[in-house]
There are 2 protein chains.
Amino acid sequence: MNSAQPGRHAVKTTDTAFDIVESLWELETASLGTLAERHGVAKSTVHRHLATLINRGYVVREGDEYRLSLKFLDIGQFTRTREEAYVLAKPKVRELAEKTDERAQFIVEENGRAVYVHMAAGDHAVTTNTYVGKHAPIHASAAGLAILAKMDEATVENVIERHGLPSYTEYTITTRDALYDELEAVRERGYSVNDQGHIRGLRAVGAPVCDRNDEVIGALSISGPTNRMQGEWFDDKLPALLCGSANELELNIAF
Amino acid sequence: MNSAQPGRHAVKTTDTAFDIVESLWELETASLGTLAERHGVAKSTVHRHLATLINRGYVVREGDEYRLSLKFLDIGQFTRTREEAYVLAKPKVRELAEKTDERAQFIVEENGRAVYVHMAAGDHAVTTNTYVGKHAPIHASAAGLAILAKMDEATVENVIERHGLPSYTEYTITTRDALYDELEAVRERGYSVNDQGHIRGLRAVGAPVCDRNDEVIGALSISGPTNRMQGEWFDDKLPALLCGSANELELNIAF
DNA sequence: GCTAAGCTTTTCGATATGCGGAACGGGTTG
DNA sequence: CAACCCGTTCCGCATATCGAAAAGCTTAGC
């Protein structure tokens with residue numbers, strides 16, 4: 001999944017270091033030998049790299065097993081709170097989840113993908129395998145569409161170019177034309193809708209959140225099962241609630 | 001063993017890569033030139049490293065400024081949810097915060113330090129500069145003392161050796177004897193107390209959380225201002241509530 | 001209580017590879 | 001227009017990284 005380019009200017013050593021990190025991410029825990037075999041490098045190489053990572057506090061050793069340390073949690077939490085807007089979004093997400101009894105989230109764009117920054121679940125919310133920090137396809141989520149609708153065309157083109165429009169269900173938007181039509185609809189409506197574009201049986205509405213310069217920062221969204229997400233509730237009440245929250249958040253951000 | 005020998009078998013290139021990562025952590029955002037100057041390396045070197053980090057998705061570029069990406073959030077969240085016990089602790093922390101109206105947290109030990117894994121604040125909770133992911137001195141926190149009390153002496157010695165017993169206020173435990181006395185008291189009491197050992201004006205109680213083999217996993221704690229943390233509430237009610245939660249959590253973990 | 005097998009750790013020399021410095025291109029400011 | 005910032009590229013050299021093999025450790029099996 002390393003869709004990196006030729007890496008003409010890449011530092012190979014750093015690449016192997018992060019190969020190890022990402023293996024530990026995937027495997028949860030692994031022995032030195034396992035890691036060496038996995039990447040086809042000598043055990044001594046892995047050993048040296050693990051020693052370095054341990055010294056720096058990114059990896060901890062438990063017997064003969066290695067795992068990632070909680071330093072990543074520390075740094076990760078930092079990236080989540082650095083932008084004041086992200087912090088302000090948190091209570092809004094909780095509020096939406098409580099009011100609607102569904103799952104609400106605040107999502108931002110990074111590298112052409114959607115990233116879950118905050119998430120809260122009402123009592124009846126569905127449990128999916130989404131989690132804070134998760135990266136998701138931007139064109140197949142309500143929040144993602146809301147963000148795209150606020151971007152200029154060049155940026156959208158860039159995203160399409162980098163990631164394409166992969167299909168997840170028969171409802172996924174997979175063509176450039178369909179996407180642009182949808183984005184136009186979002187701009188008219190003021191909010192976005194995702195009808196099972198990513199996961200079958202899941203509908204969502206999303207609203208962009210912009211700063212005082214009208215630059216999009218992220219988006220709020222609410223998602224739930226199709227059987228509850230329909231009728232007047234889905235068409236009117238929910239969007240109104242969502243847009244209200246997005247608006248309040250924008251005011252908080254702008255002061 | 002060789003923990004005090006930094007760099008002996010270290011990979012220098014990886015070190016400079018993480019130097020850059022940690023500079024971005026500290027500076028929030030920086031230009032290529034700034035980073036080069038900061039570490040006394042050539043701009044070309046920094047450029048190559050940044051290119052590698054961007055390729056891998058750990059750094060994003062905004063104009064001529066670089067910052068850490070939300071990939072760290074993704075990995076960090078993973079390290080936080082990998083252990084089932086950590087996940088089970090979350091609702092208990094919230095519950096404690098709501099019941100006591102103070103700040104509650106779940107903390108684990110890593111590399112001889114205390115790390116905040118979950119945190120929740122009641123309506124009247126004090127706001128301090130603690131946050132999820134934060135690393136704190138283990139001997140100067142209630143949860144840390146609770147964890148130390150459950151460790152065997154060799155492990156405790158190891159922790160003291162690595163980090164010492166630095167002082168933060170006039171109440172901090174700073175001698176080996178005082179620490180061992182305190183740990184003994186914790187074992188008798190069944191819970192730990194931290195009276196302004198880290199921050200003046202802040203008291204806390206902590207209770208260890210163990211798995212079915214009686215191995216300590218982490219600790220729950222409740223903290224608040226000295227004016228509320230006193231009398232019968234602090235001496236009896238609060239510890240009872242805390243130990244109850246810790247007990248329930250242990251049962252959940254063991255099934 | 002011994003050997004064997006699994007693993008990590010260390011050593012060491014060859015060579016690939018990261019490094020620095022200088023030159024380049026492209027904006028922005030005076 | 002020139003000076004100055006930024007990032008980017010090129011290239012030769014020294015060195016830090018690599019792999020293979022052998023040396024240490026534990027644990028397991030008999």
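Note that these values count all heavy atoms, side chains included, but never hydrogens, waters or copies made by symmetry. Remember, it's a predicted structure, so these values are computed and weren't measured experimentally. Per chain, numbering begins at 1; letters A, B, ... match sequence-line order.
Residue-to-nucleotide contacts include a donor-acceptor pair under 3.5 Å from the side chain of A:Ser44 to the base of D:dA20. For C:dG18, the base has no donor-acceptor partner in the side chain of B:Thr16 [N/O atoms by modelled type, under 3.5 angstrom].
Nucleotide C:dA16 holds its C1' atom 15 Å from the CG atom of A:Asp15, rounded to whole Å. Distance CD (A:Glu65) to P (D:dT26): 17 Å, rounded to an integer number of Å. The CG-P distance, from A:Leu50 to C:dC7, rounds to 15 Å in whole Å. Rounding to whole angstrom units, CG of residue B:Asp64 and C1' of C:dG25 are separated by 13 Å. If you take CD1 of A:Ile20 and P of C:dT8, they are 12 Å apart, rounded to a whole angstrom. In this structure, B:His39 atom NE2 and C:dG18 atom P are separated by 19 Å, rounded to whole Å. Regarding B:His49, its NE2 atom lies at a distance of 8 Å from the P atom of C:dG18, rounded to whole Å.
Residue A:Lys12 places at least one side-chain N or O under 4.0 Å from the OP1 or OP2 atom of C:dT17. Contact annotation: A:Arg48 side-chain N/O to D:dT17 OP1/OP2 distance is not under 4.0 Å. Note on B:Thr45: every side-chain N or O is 4.0 Å or more away from OP1 and OP2 of C:dG18. Distances shorter than 4.0 Å separate none of the side-chain N or O atoms of B:His47 from OP1 or OP2 on D:dC6. Contact annotation: A:Arg61 side-chain N/O to C:dC7 OP1/OP2 distance is not under 4.0 Å.
Checked against a 6.0 Å centroid threshold, the rings of B:Phe18 and A:Phe18 count as neighbours.
Taking the side chain of B:Thr13 as heavy atoms from C-beta on, and the options C:dG20, D:dC18, D:dA16, the nearest nucleotide is D:dA16. Of the candidates D:dG7, C:dT9, C:dG20, the closest approach to any side-chain atom of A:Leu32 belongs to C:dT9. In this structure, of C:dG20, D:dC18, C:dT8, it is C:dT8 that holds the atom nearest to the side chain of A:Lys43.
For B:Arg82 and B:Phe78, the positive end sits near the middle of the six-membered ring, less than 6.0 Å away and at most 45° from its axis.
Put simply, the side chain of B:Ser167 never gets that close to the backbone of B:Thr172: no donor and acceptor are under 3.5 Å apart. A distance-only check finds a donor-acceptor pair linking the side chain of B:His139 to the backbone of B:Pro166 [under 3.5 Å].
Comparing A:Ala30 and A:Thr14 against DNA chain C, the residue whose closest nucleotide sits nearer the 5' end is A:Ala30.
Between the side chains of A:Thr155 and A:Asp152, at least one donor-acceptor pair of N or O atoms lies under 3.5 Å.
Across all strands shown, B:Ser31 has heavy atoms under 4.0 Å from sugar-phosphate atoms exclusively, and none from any base.
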